[in-house]
Engineer: 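Dropping the structure in here first, questions after.
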There are 2 protein chains.
Amino acid sequence: MPRRHCANQRLREQVGRWTEPRNVILDVLSHSKGHLSAKEIYDALYITHPRIGITTVYRTLELFLRLGFIQKVISPDGEAHYELRTEGNKGHHHHLICLRCGKIIDYQDFADEELELVKKTEKVLTQKHNFLILYHNIEFLGLCDKCRKDAGDI
Amino acid sequence: MPRRHCANQRLREQVGRWTEPRNVILDVLSHSKGHLSAKEIYDALYITHPRIGITTVYRTLELFLRLGFIQKVISPDGEAHYELRTEGNKGHHHHLICLRCGKIIDYQDFADEELELVKKTEKVLTQKHNFLILYHNIEFLGLCDKCRKDAGDI
DNA sequence: ATTATTAATGAAAATGATTATCATAAACTT
DNA sequence: AAGTTTATGATAATCATTTTCATTAATAAT
């Protein structure tokens with residue numbers, strides 16, 4: 001388990017045993033900027049750790065999700081992609097998703113208002129629906145630069 | 001094809017033939033508030049139109065999506081749900097999604113700022129990434145009222 | 001340290017949503 | 001009414017994700 005987390009009692013309990021596969025999978029996630037699918041993680045792993053099965057990748061991603069280490073983004077075709085969540089609000093970003101090729105672009109240049117608005121909205125919703133909000137996704141869907149050009153056949 | 005659309009030349013071309021299945025599927029969508037999965041639509045149909053196959057449901061949803069009649073929301077487990085898109089901004093809403101049971105709650109009480117902010121953000125993003133934004137999703141993920149209570153076993 | 005206990009792993013099979021195939025049927029055209 | 005084209009639906013294929021279960025590795029107990 002990453003050093004910054006192992007002091008956290010609640011996490012320690014949920015984690016159970018911190019194993020090599022978990023270590024390596026976290027490593028792959030932290031050394032790639034993108035939003036990796038389970039398959040992509042498995043492939044990246046396979047080079048150095050061919051013994052690690054894709055089942056473990058799925059199980060580990062589920063664990064990391066529960067622990068809040070990562071975030072899940074589902075692309076338009078329904079495939080799940082995962083990315084590391086950064087500490088605090090540093091690195092927090094939203095997504096631009098291309099409906100044609102599935103490309104995911106991050107953007108981070110929020111207006112200051114954006115964060116405030118989200119906070120405010122969360123508060124209202126929490127009260128009104130008694131919903132415990134853990135995180136949010138904001139995504140803009142459309143066509144990316146490339147696909148705009150060769151999108152005659154949509 | 002719904003009367004308000006049949007004057008639209010571009011739509012007419014994309015639609016081709018307006019058939020009974022398409023009519024019925026649109027009907028199911030417009031008579032339910034929720035976010036229906038393909039299976040749910042198929043089941044609803046089956047009572048009155050057992051001859052309509054689930055393949056047609058999928059194909060028709062894809063068509064409606066292309067035409068902009070409906071919107072696709074993918075739940076945390078990756079299953080797609082579809083809902084009618086309303087004219088203009090009436091009925092525009094965002095989602096609260098429960099990570100445990102997958103329940104989707106709509107909310108519509110935006111701050112006025114929300115719409116403005118979205119517009120502003122869209123403009124910035126369009127310019128910066130040359131991305132054509134068609135629509136956006138804002139969703140808050142967490143635990144719903146019910147699941148908060150019996151969530152001991154997460 | 002060694003053994004016992006328990007949790008994590010991985011191979012293989014199962015699941016389940018979505019897509020592709022293709023022969024048939026329905027809708028338009030002439 | 002006959003011919004042409006498009007949509008349909010049954011079936012099979014695909015593909016991401018889950019389940020199952022025997023094996024292995026990590027922690028606890030001795």
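We use all heavy atoms of the structure for the numbers below, so side chains are in, but hydrogens, waters and symmetry mates are not. The sequence lines fix the lettering, A, B, ..., with proteins before strands; numbering per chain opens at 1.
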Engineer: How are the rings of A/Phe69 and A/Phe64 set relative to one another: parallel (under 30°), tilted (30 to 60°) or perpendicular (over 60°)?
Structural biologist: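 The arrangement is tilted - the two ring planes meet at 30° to 60°.
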Engineer: Rounded to the nearest 0.5 Å, how far apart are NZ of A/Lys119 and CD1 of A/Ile133?
Structural biologist: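 Between atom NZ of A/Lys119 and atom CD1 of A/Ile133 there are 14.0 Å.
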Engineer: Whole angstroms only, please: what is the CD-C1' distance between A/Glu62 and C/dT9?
Structural biologist: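 After rounding, the reported distance stands at 15 Å.
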Engineer: Is it possible for you to say whether A/Phe131 and A/Val124 belong to one hydrophobic cluster, with membership spreading through side-chain heavy-atom contacts below 4.5 Å?
Structural biologist: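 No: no chain of side-chain contacts under 4.5 Å links A/Phe131 to A/Val124.
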Engineer: Within a reach of under 6.0 Å around CD of B/Glu116, are more than 12 heavy atoms found that belong to other residues, nucleotides or ligands?
Structural biologist: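 No, the 6.0 Å shell around CD holds no more than 12 heavy atoms from other groups.
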Engineer: Tell me, please, which residues at least two apart from A/His95 pass ring-ring contact (aromatic ring centres under 6.0 Å, His included).
Structural biologist: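 Result, ring-ring contact (aromatic ring centres under 6.0 Å, His included) vs A/His95: A/His35, A/His93.
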Engineer: Taking five pairs at each end of the helix from C/dA1-D/dT30 to C/dT30-D/dA1, what angle separates the two helix axes (nearest 10°)?
Structural biologist: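 End-to-end axis angle: 30°.
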Engineer: Would you grab the first and last nucleotide of DNA chain D (5' to 3') that comes under 4.0 Å of any non-hydrogen atom in chain B?
Structural biologist: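 That gives a stretch of D/dT5 to D/dT11.
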Engineer: Do you know the tightest heavy-atom contact between B/Thr56 and B/Ile25?
Structural biologist: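 Closest pair (atom of B/Thr56, atom of B/Ile25, distance): O-CD1, 4.2 Å.
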Engineer: A side-chain contact here means heavy atoms from C-beta on lying under 4.5 Å apart; do B/Thr121 and B/His136 qualify?
Structural biologist: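 Not touching, per the 4.5 Å side-chain cut-off.
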Engineer: Does a sphere of radius 6.0 Å around OH in B/Tyr135 hold more than 12 heavy atoms from other residues, nucleotides or ligands, not counting ones at 6.0 Å or beyond?
Structural biologist: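 Atom OH in B/Tyr135 is packed in, count exceeds 12.
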Engineer: Can you tell me how far the CD1 atom of A/Ile74 sits from the CG atom of A/Asn137, to the nearest 0.5 Å?
Structural biologist: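 Here the interatomic distance stands at 9.0 Å.
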Engineer: Listing request: all salt bridge (Lys or Arg N to Asp or Glu O under 4.0 Å) pairs with a residue in residues 36-58 of chain A, at least two apart in sequence or in separate chains.
Structural biologist: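 Residue pairs passing salt bridge (Lys or Arg N to Asp or Glu O under 4.0 Å), neighbours aside: A/Lys39-A/Asp43.
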Engineer: Do you know the tightest heavy-atom contact between B/Pro21 and B/Ile52?
Structural biologist: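 Closest approach of B/Pro21 to B/Ile52, heavy atoms only: CA-CD1, 3.8 Å.
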Engineer: Identify each atom pair where a protein N or O and an N or O of nucleotides 5-8 of chain C are less than 3.5 Å apart, giving names and distance.
Structural biologist:
| unit_1 | atom_1 | unit_2 | atom_2 | d |
| --- | --- | --- | --- | --- |
| C/dT6 | O2 | A/Arg17 | NH1 | 2.8 |
| C/dT6 | O2 | A/Arg17 | NH2 | 2.8 |
| C/dA7 | O4' | A/Arg17 | NH1 | 3.2 |
| C/dA7 | O4' | A/Arg17 | NH2 | 3.3 |
| C/dA8 | OP1 | A/Val15 | O | 3.3 |
| C/dA8 | OP1 | A/Arg22 | NH2 | 3.4 |

Engineer: Is there any protein nitrogen or oxygen under 3.5 Å from a nitrogen or oxygen in nucleotides 16-18 of chain C, and what are the pairs?
Structural biologist:
| unit_1 | atom_1 | unit_2 | atom_2 | d |
| --- | --- | --- | --- | --- |
| C/dT18 | OP1 | B/Ala80 | N | 3.1 |
| C/dT18 | OP2 | B/Tyr58 | OH | 2.5 |
| C/dT18 | O5' | B/Tyr58 | OH | 3.3 |

Engineer: Testing A/Thr60, A/Leu29, A/Leu36 one by one against A/Ile70 for a side chain to side chain contact (heavy atoms under 4.5 Å, CB included), which residue passes?
Structural biologist: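 Considering A/Thr60, A/Leu29, A/Leu36, a side chain to side chain contact (heavy atoms under 4.5 Å, CB included) with A/Ile70 is found only for A/Leu29.
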